[in-house]
2 protein chains.
Amino acid sequence: MSRWQPDPAGRLTKAAITLFAEQGYEATTVAEIAARAGLTKRTFFRYFSDKREVLFSGSAELERVWLDGVAAAPAGATPLGAVIAGLGPVAEMFTERHHFAGVRAGIIQANSELRERELIKLQNLAASIEAMLLSRGYSANAAVLAAQAGVTVFHVAFARWVHQDDPTAFRRLINESLQELRSVTAG
Amino acid sequence: MSRWQPDPAGRLTKAAITLFAEQGYEATTVAEIAARAGLTKRTFFRYFSDKREVLFSGSAELERVWLDGVAAAPAGATPLGAVIAGLGPVAEMFTERHHFAGVRAGIIQANSELRERELIKLQNLAASIEAMLLSRGYSANAAVLAAQAGVTVFHVAFARWVHQDDPTAFRRLINESLQELRSVTAG
DNA sequence: TACGGTGATGGCACCAAGTGACATACCGTC
DNA sequence: GACGGTATGTCACTTGGTGCCATCACCGTA
């Protein structure tokens, strides 16, 4: 029996999602997750700073893809235009993960601690986007609001996307949310 | 020495804020807060569901005042117009509490757990506002986005308000944030 | 004054999250 | 086959949070 099995973080994540889906987040202990992955509680906390974080390791990839997309937007774009343009690659990335995203979203929605963590991830994302917009030369005020508005559009569209069947609908839902935000703020 | 001193929740809140400001949130234990208020850890958790909640008991009042303000908006108002109109009474309410709000905001900003709790309070607020907008007859799509946009405007304005000197500037900052959101989403 | 009922508080045992210190196993290299 | 670095395990400990029951203060009543 080898102590050194490959991809410990991946095994822990898989074990955690299985157990959370089966018996709920609160009813699952870290020791249980670790045991299922053939590891110990102490090792779990070497890979994830806390119990919730095991569900959010993917947020780094979301941030990277989105920021790259914003950076690649045409120079003449409006600030919100650049943020929304960055969601193109994001929508592609999520298309293949519709089922997983649904399972994960179900787990998160069922627990308030996990919803808190999701919100702060989105807020950190907004802060990164804001910094990116500043580096593109937009004003500080425009950067704050465009980043917040963009994250709101993403959040609303994402919630709708996981609750319906077509995995390829994400881009359309983003455009719809954007138009709704525009019509609500117009005037 | 009477066991029954008045306003236990208020004493716990005051003790908590003092200790958090002095030595930080993490370095303060619940037992310490309770002892300072002349109570025990067990009693603390009878008044607050967890350690963070001691800083957020005021959010119920914010929600009540804001919702009442939305309900009192003229019938012909746009959804976002009604939400922003509801911020009038909110701005009045906060004006007298500028110093306290600043101390509290400093504590919250210094700790990521507390920022998480603040974000979910805002999100719950948005959900309540959304329900209120639905009851006023707006469409579901408009209600979601107007509630989100209104909370974003409040959040941005609040953050600016606690970082400057004039306690009466809240209403002006709300209007500025709203205009910035409008100009960012225009087009 | 005595009495009993009600509700708030204290005390205790307990579980789970999270951390620090140290021991131990694996892996490559020489 | 010895060696050093890195990942893992073990153990002890603190703290947040909860269930259970005892205890105390208050209040009405006789």
Side-chain angles (χ1 to χ4, degrees), chain A residues 1-57 107-108 110-118 120-121, chain B residues 1-57 107-108 110-118 120-121:
Chain A
M1 202 54 179
S2 70
R3 200 174 181 178
W4 255 238
Q5 292 178 32
D7 191 17
R11 278 152 50 211
L12 287 167
T13 302
K14 199 170 176 180
I17 289 181
T18 305
L19 290 169
F20 293 164
E22 279 175 4
Q23 60 191 27
Y25 173 80
E26 285 194 33
T28 304
T29 69
V30 171
E32 206 174 347
I33 299 169
R36 188 171 183 118
L39 295 166
T40 62
K41 175 183 145 189
R42 193 64 185 86
T43 299
F44 177 97
F45 288 110
R46 289 196 178 96
Y47 286 95
F48 303 102
S49 57
D50 59 41
K51 185 184 172 187
R52 307 172 211 173
E53 201 61 21
V54 72
L55 284 174
F56 294 92
S57 59
I107 295 170
I108 291 173
N111 181 273
S112 139
E113 292 182 29
L114 294 173
R115 290 199 304 273
E116 288 187 349
R117 180 56 53 86
E118 175 154 72
I120 206 173
K121 291 287 181 184
Chain B
M1 203 52 178
S2 69
R3 199 177 181 176
W4 255 234
Q5 291 178 32
D7 192 18
R11 278 151 52 211
L12 286 167
T13 303
K14 200 169 174 180
I17 289 182
T18 305
L19 289 168
F20 292 165
E22 279 175 3
Q23 59 192 26
Y25 173 79
E26 285 194 34
T28 304
T29 70
V30 171
E32 206 175 348
I33 299 169
R36 187 171 184 121
L39 296 166
T40 63
K41 174 184 147 188
R42 193 64 189 85
T43 299
F44 178 97
F45 287 112
R46 288 198 180 94
Y47 286 95
F48 303 102
S49 56
D50 60 40
K51 184 183 172 188
R52 307 173 212 174
E53 202 61 20
V54 72
L55 284 174
F56 293 91
S57 58
I107 294 170
I108 291 172
N111 182 274
S112 139
E113 292 182 28
L114 294 174
R115 289 199 304 272
E116 289 186 349
R117 179 56 53 87
E118 174 152 73
I120 205 171
K121 291 288 181 184

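Letters go in sequence order (proteins before strands), and every chain restarts at 1. The basis for the numbers below is simple: all heavy atoms, side chains too, and nothing from hydrogens, waters or symmetry mates.
- Atom CZ in A:Arg11 sits roughly 12 Å away from atom C1' in D:dA7 (whole-Å rounding).
- Between B:Glu53 atom CD and D:dG16 atom C1' the separation is 14 Å, expressed in whole Å.
- Atom C1' of nucleotide D:dT15 and atom CG of B:Asp50 are separated by 13 Å, given to the nearest angstrom.
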Exercise. Could you please spell out the steps behind the salt bridge (charged side-chain N to carboxylate O under 4.0 Å, His left out) verdict for A:Lys51 and A:Glu26?
Key: CA-CA 10 Å; A:Lys51 185 184 172 187; A:Glu26 285 194 33; over 6 Å; no
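- The base of C:dG18 sits within donor-acceptor range of the side chain of A:Lys41, with an N or O pair under 3.5 Å.
- Rounded to an integer number of Å, the gap from CD1 of A:Ile33 to P of C:dG18 is 10 Å.
- Remark: P of D:dT6 and CD of A:Gln5 are 22 Å apart, rounded to the nearest angstrom.
- Side-chain atoms of B:Arg11 never come within 3.5 Å of backbone atoms of B:Leu39 as a donor-acceptor pair (strictly under, hydrogens ignored).
- Residue B:Thr29 has no polar side-chain atom (N or O) positioned under 4.0 Å from OP1 or OP2 of D:dT15.
- Taking only side-chain atoms of B:Lys51, from C-beta outward, the nucleotide of C:dA21, C:dT9, D:dG17 with the closest atom is D:dG17.
- Residue B:Phe48 contributes atom CZ, which lies 16 Å from atom C1' of C:dT9 at whole-angstrom precision.
- Side-chain N/O atoms of A:Arg42 and base N/O atoms of C:dG20 include a donor-acceptor pair closer than 3.5 Å.
- The shortest side-chain heavy-atom distance between B:Thr13 and B:Phe48 falls under the 4.5 Å cut-off.
- Side-chain proximity of B:Thr40 to the nucleotides C:dT19, D:dG17, C:dG11 is greatest for C:dG11.
- If you check D:dT18, C:dA17, D:dT8 against the side chain of A:Phe45, the one that comes closest is C:dA17.
- Residue B:Glu26 contributes atom CD, which lies 13 Å from atom C1' of C:dA17 at whole-angstrom precision.
- Contact detail for A:Asn111 and A:Tyr25: the closest heavy-atom pair is ND2-CD2, 3.5 Å.
- Checking C:dG11, C:dT9, D:dT8 against every side-chain atom of B:Leu39, the shortest atom distance belongs to C:dT9.
- Within 4.0 Å (heavy atoms only), B:Tyr47 reaches sugar-phosphate atoms of the nucleic acid but no base atom.
- You won't find any donor-acceptor pair under 3.5 Å spanning the side chain of B:Arg52 and the base of D:dG16, going by distance alone.
- Between A:Glu113 atom CD and C:dA16 atom C1' the separation is 11 Å, expressed in whole Å.
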Quiz item: Should A:Arg52 and A:Glu118 be marked as a salt bridge (charged side-chain N to carboxylate O under 4.0 Å, His left out) after you check the CA-CA gap, both sets of side-chain angles, and the distance that decides it?
Solution: CA-CA 10 Å; A:Arg52 307 172 211 173; A:Glu118 175 154 72; over 6 Å; no
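- The base of C:dG10 lies close enough to the side chain of B:Arg46 for a donor and an acceptor atom to sit less than 3.5 Å apart.
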